[in-house]
Amino acid sequence: MMIDLHTHTLFSDGELIPFELVRRAQASGYTAIAITDHMDASNIDFVIPRIVKAIEALQPHVSIDVIPGAEITHAPPEMIADLVKEARHLGARIVVVHGETIAEPVLKGTNRAAIEAGADILSHPGLISIEDMLRAKEKHVHLEITARRGHAFTNGYLAREAIKFGVPLCINTDAHAPSDLITQERARLILLGAGIDENRIESVFESAKSLTDKVLRRSNAQSDKKEVHQERA
Ligand SMILES: [Zn+2]
Ligand SMILES: [Zn+2]
């Protein structure tokens, strides 16, 4: 019953093409996966339509929900709002912004810009300020507990503070390779390891589920609109 809203394919620095990633996710017991390759102004208009196309072809043949997405990565903060908008316009249903992980020199101000831009998920936000966390809560931007090495160093800080302030959390793999996919049981262990109480683990999964449901409703509304438009044409 794993939901994973942050993964990579060959369209950025992942190892698998979308069909294989989805097949492996299905075999690991996933119920939903988002494909969110790294993007900036150079490749956004190339990658999103390819991901959308792959998913349109594949979705009727698989039982799990596959969601086209984007991870806006290392963009200067002042460009993030436009890139989030462009990603949605091009067909990304989940927009992740690559946050201020302590594992990389991500520009300061990225977390805030992502939240203000209304990204769906701020991934690996590092030592995010309390002020930014409260803003994320207001804007209902999910903060990510990550299974990925390096980025995971600050999971404990994030879990403690986000739970204190009631900021929505999700857990994603940020998978780049087949071995990065995890079961929900493994996700549970990572959440426990981040210091989240046993009785709060389910609420993290539920938060990811409600984000997924919201995004899927958004997709259906979009394709209904497209159909009506086509009928009229
Ligand atoms: Zn990232
Ligand atoms: Zn990533």
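All values reported here derive from a predicted model rather than from experimental measurement. What you see below is based on every heavy atom in this structure, not just the backbone, and it leaves out hydrogens, waters and symmetry mates. All ligand and atom numbering here is 1-based and tracks the order in the structure.
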Could you label the plane-to-plane angle of the H98 and H124 rings as parallel, tilted or perpendicular, counting under 30° as parallel and over 60° as perpendicular? perpendicular
So, leaving waters aside, the tally of protein N/O/S atoms less than 2.8 Å from the Zn ion (ligand 2) stands at 4
Would you say Y30's side chain and V22's backbone share a donor-acceptor pair under 3.5 angstrom? no
Drop me the distance from D197's CG to L191's CG, to the nearest 0.5 angstrom. 11.5 Å
Please report the shortest heavy-atom distance between A114 and L122, naming the atom on each side. CB-CD1, 3.8 Å
What residues form a side-chain hydrogen bond (donor to acceptor under 3.5 Å, both in side chains) with K214, not counting sequence neighbours? none
Indicate yes or no: at least one non-hydrogen side-chain atom of M2 is less than 4.5 angstrom from one of R186. no
